[in-house]
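Chain identifiers are assigned alphabetically (A, B, ...) following the order of the sequence lines, protein sequences preceding nucleic acid strands; residue numbering begins at 1 within each chain. Computed from a prediction, not measured in an experiment: that's the story for all the values here.
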Number of protein chains: 2
Amino acid sequence: MLKYKEIAQDLRDKIVNGIYKVNEQLPFEREMSIDYDVSRITIRKAVDLLVAEGLIVKRRGSGTFVKDINDDEAIEIAMKKQFLGFSTTHSDHKVKSKIIKFKIVNPDEKIANKLKIGTDEFIYHVERIRYSDNIPYVMEKTFMPITLIPGLQKKNLESSVYDYIENVLKLKIQSSHRTIRADVPTEKEQKYLKIDRYLPVLEVEQVAFLSNGQAFEYSISRHRSDKAEFKMINIKE
Amino acid sequence: MLKYKEIAQDLRDKIVNGIYKVNEQLPFEREMSIDYDVSRITIRKAVDLLVAEGLIVKRRGSGTFVKDINDDEAIEIAMKKQFLGFSTTHSDHKVKSKIIKFKIVNPDEKIANKLKIGTDEFIYHVERIRYSDNIPYVMEKTFMPITLIPGLQKKNLESSVYDYIENVLKLKIQSSHRTIRADVPTEKEQKYLKIDRYLPVLEVEQVAFLSNGQAFEYSISRHRSDKAEFKMINIKE
DNA sequence: TAGTGGTCTAGACCACCGG
DNA sequence: CGGTGGTCTAGACCACTAA
């Protein structure tokens with residue numbers, strides 16, 4: 001384990017467990033560098049991780065402080081870190097997936113463009129409904145090139161595709177580009193999500209990339225708007 | 001100007017202007033540290049800024065490369081940097097604001113809690129409609145403590161409140177916490193946004209903080225879903 | 001194997017904040 | 001004014017990638 005990650009985790013634990021309380025000042029960087037027996041730069045790297053997560057703030061000339069956020073907001077921080085893989089956000093409930101479609105096809109122009117491949121290549125076309133405690137909450141269409149993600153099977157779709165990619169194929173997921181919109185549900189969505197035409201859907205369009213820079217997934221997730229909301233923390237600069 | 005910010009801006013320009021093209025490799029860190037005559041750590045800090053913006057990717061053992069994203073996605077990067085202040089996203093159109101309400105009141109429990117003040121303190125209560133090219137696209141409710149933002153006037157609301165806060169009051173905006181949802185428009189919103197009851201709204205609830213850690217604004221923006229979408233780039237770790 | 005980015009050190013000086 | 005976090009240096013070694 002890397003030093004700065006260990007220190008970050010230690011500080012994170014101390015905040016979550018209330019050892020460092022809301023609005024309380026953390027030890028100074030130079031103090032911590034002695035306490036943890038590392039250089040000040042290593043401390044700063046650890047602290048900056050928590051700043052990016054929105055847990056603490058630094059004030060030049062004053063010190064570093066635990067941010068005054070509500071308790072339920074602390075949860076979103078964990079979500080933010082594991083931003084890929086959706087089942088984690090419902091981890092305290094029973095999450096199931098029903099597979100509506102699982103085919104290998106050629107992509108249309110739009111999908112080929114998003115995945116930066118040709119229309120003559122082959123891709124998986126997957127459609128799933130996700131249930132939390134037996135209530136449907138999202139309908140997903142996913143498109144992945146078979147050359148990048150070989151050997152995908154139905155059982156992988158029922159649990160987590162990301163598990164398969166990271167743990168079986170040993171590929172690393174690096175980033176995702178997302179667009180969020182609101183829309184009216186289609187008739188098909190009304191049926192599968194068990195909603196009427198007056199409940200909007202929250203659409204998340206995503207392209208996800210591996211650490212080698214290749215786009216491995218294009219997906220469109222349409223969430224029941226009474227079951228979904230997205231939280232984020234923005235830090236200026 | 002700081003060295004790492006200058007270098008970051010130089011690299012950003014070279015990417016935007018096509019001097020470094022899509023998928024092209026950037027000079028190595030050790031090369032750049034000689035070219036720019038700075039230490040390698042300073043180069044890394046500059047490069048890491050662009051990584052966070054989603055413009056480039058680094059691959060250990062290989063090098064640093066310009067990310068293969070679509071042209072229109074480059075725009076969102078500029079948006080991301082100036083994440084506060086909404087008029088910037090419509091900068092190429094005529095943006096106007098109509099003020100529906102501008103009062104000083106006591107906050108209810110919910111608002112007081114979000115702003116971390118008492119219900120006996122005073123706040124501005126502002127409601128505005130924003131127009132782009134004379135088409136209404138968002139209705140905003142904004143609540144700000146008068147002690148933090150003194151002297152706010154109607155003219156500040158017509159242009160940008162953030163300008164007033166940063167340039168007149170000389171306060172620094174540091175972060176914001178946002179929640180995004182989809183919802184059905186109220187009758188009032190249908191009227192002001194000129195939409196029917198079947199067009200959903202995209203709601204953004206926001207608490208914004210100053211660099212001293214105080215919450216200075218709680219706002220709810222409800223966007224016409226045919227005019228608004230939110231883009232973001234997520235980098236793992 | 002050679003060369004990349006990733007981590008880490010032990011300093012130094014600067015800009016800013018509070019008393 | 002002393003002490004904070006912010007920037008910057010000139011090294012060193014490690015983990016990983018590609019040829």
Side-chain angles (χ1 to χ4, degrees), chain A residues 1-11 20 23-52 55-67 166 169-175 210-214 235-237, chain B residues 1-11 20 23-52 55-67 166 170-172 174-175 210-214 235-237:
Chain A
M1 180 68 121
L2 298 169
K3 285 185 183 178
Y4 78 95
K5 286 192 178 176
E6 262 184 19
I7 294 167
Q9 190 54 51
D10 188 57
L11 295 174
Y20 295 140
N23 288 325
E24 188 177 328
Q25 186 160 20
L26 266 62
F28 306 122
E29 292 178 354
R30 287 164 180 84
E31 277 182 48
M32 285 196 277
S33 82
I34 295 167
D35 293 347
Y36 287 102
D37 192 30
V38 296
S39 77
R40 192 182 149 214
I41 288 185
T42 303
I43 293 293
R44 286 177 57 76
K45 221 171 158 180
V47 167
D48 287 346
L49 273 183
L50 301 201
V51 169
L55 273 176
I56 62 180
V57 294
K58 299 200 275 190
R59 286 175 220 146
R60 189 192 207 130
S62 304
T64 305
F65 300 83
V66 179
K67 214 162 161 180
E166 297 213 294
L169 296 180
K170 303 287 183 198
L171 296 171
K172 279 185 186 151
I173 298 168
Q174 197 205 237
S175 68
L210 298 172
S211 57
N212 62 13
Q214 292 177 291
I235 313 285
K236 201 163 184 182
E237 239 99 309
Chain B
M1 181 67 121
L2 298 168
K3 286 185 183 179
Y4 79 95
K5 286 193 179 176
E6 262 185 18
I7 294 166
Q9 189 53 51
D10 188 58
L11 294 174
Y20 296 138
N23 288 325
E24 187 176 329
Q25 186 160 18
L26 266 62
F28 306 122
E29 293 179 353
R30 286 163 181 85
E31 277 182 48
M32 284 196 275
S33 83
I34 295 168
D35 293 346
Y36 287 102
D37 193 29
V38 296
S39 75
R40 190 181 150 214
I41 288 186
T42 302
I43 293 292
R44 285 176 58 75
K45 222 173 156 180
V47 167
D48 286 347
L49 273 184
L50 302 201
V51 170
L55 273 176
I56 61 181
V57 294
K58 299 200 277 191
R59 287 177 218 143
R60 188 191 208 134
S62 305
T64 305
F65 300 83
V66 178
K67 214 163 162 179
E166 296 212 293
K170 303 288 183 197
L171 297 171
K172 278 183 187 152
Q174 198 206 238
S175 68
L210 298 172
S211 56
N212 62 12
Q214 292 177 292
I235 312 286
K236 202 161 185 183
E237 240 101 310

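For Lys3(A), the side-chain contact (heavy atoms from CB on, under 4.5 Å) partners two or more places apart in sequence, or in a different chain, are Val38(A), Thr42(A). In this view, Asp10(B) and Lys14(B), Tyr36(B) satisfy the side-chain contact (heavy atoms from CB on, under 4.5 Å) rule, not counting sequence neighbours. In this structure Arg40(B) satisfies the side chain to side chain donor-acceptor pair (under 3.5 Å) test together with Glu29(B), sequence neighbours excluded. Partners of Val66(A) according to the side-chain contact (heavy atoms from CB on, under 4.5 Å) rule, which considers only residues two or more places apart in sequence or in another chain, are Ile15(A), Tyr20(A), Leu26(A).
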- Note on the structure: Per-nucleotide protein contact along nucleotides 9-19 of chain D, 5' to 3', at a 4.0 Å heavy-atom cut-off (B base, S sugar-phosphate only, - neither), is BB-BB-BBBS-
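Taking atom CD on Glu31(B) and atom P on dA2(C), their separation rounds to 19 Å, with Å as the unit. At whole-Å resolution of the value, CD in Gln25(A) and C1' in dG5(D) are 11 Å apart. Atom CD of Glu29(B) is separated from atom C1' of dC8(D) by 16 Å (rounded to the nearest Å). Across the protein-nucleic acid pair, Ile235(A) atom CD1 and dG6(D) atom P stand 13 Å apart, rounded to whole Å. When the P atom of dC17(C) is taken as reference, atom CZ of Phe28(A) falls 16 Å away, rounded to whole Å. Rounded to an integer number of Å, the gap from NZ of Lys170(B) to P of dC16(C) is 13 Å. Nucleotide dC8(C) holds its C1' atom 17 Å from the CE atom of Met32(A), rounded to whole Å. Protein atom CD of Gln174(B) is 14 Å distant from nucleotide atom P of dG5(D), rounded to whole Å.
Distances shorter than 4.0 Å separate some side-chain N or O of Lys45(B) from OP1 or OP2 on dT7(D). At dC8(C), none of the side-chain N or O atoms of Tyr4(A) fall inside 4.0 Å of OP1 or OP2 (strictly under the cut-off).
Side-chain atoms of Met32(A) and Ile7(A), non-hydrogen and from C-beta on, never get closer than 4.5 Å to each other.
Residues in residues 55-66 of chain A take part in these side chain to side chain donor-acceptor pair (under 3.5 Å) pairs, two or more places apart or across chains: Asp48(A)-Lys58(A).
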